[in-house]
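Notes follow the structure.
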Amino acid sequence: MGKTRRKVDSLGEVEAPNEAYYGSQAVGAIRNSSISGIQISHLPQDIHALAVVKKAAMRANARLGDIPSSKTTAIAAARDDIIAGDLDAEFPSMFFKMAPERRPT
């Protein structure tokens with residue numbers, strides 16, 4: 001990994017690659033919750049399909065006035081980049097994740 005940037009969230013501090021779009025939550029997912037060993041980036045059709053659904057949801061929410069029109073163009077462009085496969089490498093977390101153990105209270 002080349003240069004990194006420091007990201008902080010509610011679980012602490014992590015280092016993310018400078019060139020990556022993803023941040024602390026993805027880094028944490030990579031470190032802490034792999035049970036399959038299959039990165040979601042190895043299933044690009046699933047990533048692209050989810051981006052289509054999220055783009056449609058964004059449009060619906062924009063029509064309802066829940067997303068400012070000033071943001072819809074950027075959101076749509078990002079979704080189009082995902083749908084085209086240009087950002088497949090930006091999904092490094094594992095496809096199957098193990099939930100934290102839950103104990104009855």
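Note that these values count all heavy atoms, side chains included, but never hydrogens, waters or copies made by symmetry.
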Using 0.5 Å steps for rounding, measure from the CD atom of Glu15 to the NZ atom of Lys3.
13.0 Å
Filter on side chain to side chain donor-acceptor pair (under 3.5 Å), then keep only pairs touching residues 67-83, sequence neighbours left out; what's left?
Lys55-Asp80
Side chain to side chain donor-acceptor pair (under 3.5 Å) partners of Asp88, counting only residues at least two apart
His48
Through direct or indirect side-chain contacts below 4.5 angstrom among Ile, Leu, Val, Met, Phe, Trp and Tyr, which residues connect to Ile67?
Met58, Ile75
Heavy-atom check, side chain of Phe91 versus side chain of Ile82, under 4.5 Å
yes
By side chain to side chain donor-acceptor pair (under 3.5 Å), which residues pair with Glu13, not counting sequence neighbours?
Arg6
What's in the same ILVMFWY side-chain cluster as Val52, cut-off under 4.5 Å, chained through other members?
Ile83
Go through the steps to decide whether Gln45 and Leu43 satisfy the test side-chain contact (heavy atoms from CB on, under 4.5 Å), and finish with yes or no.
CA-CA 6 Å; Gln45 68 280 5; Leu43 302 166; 4.2 Å; yes
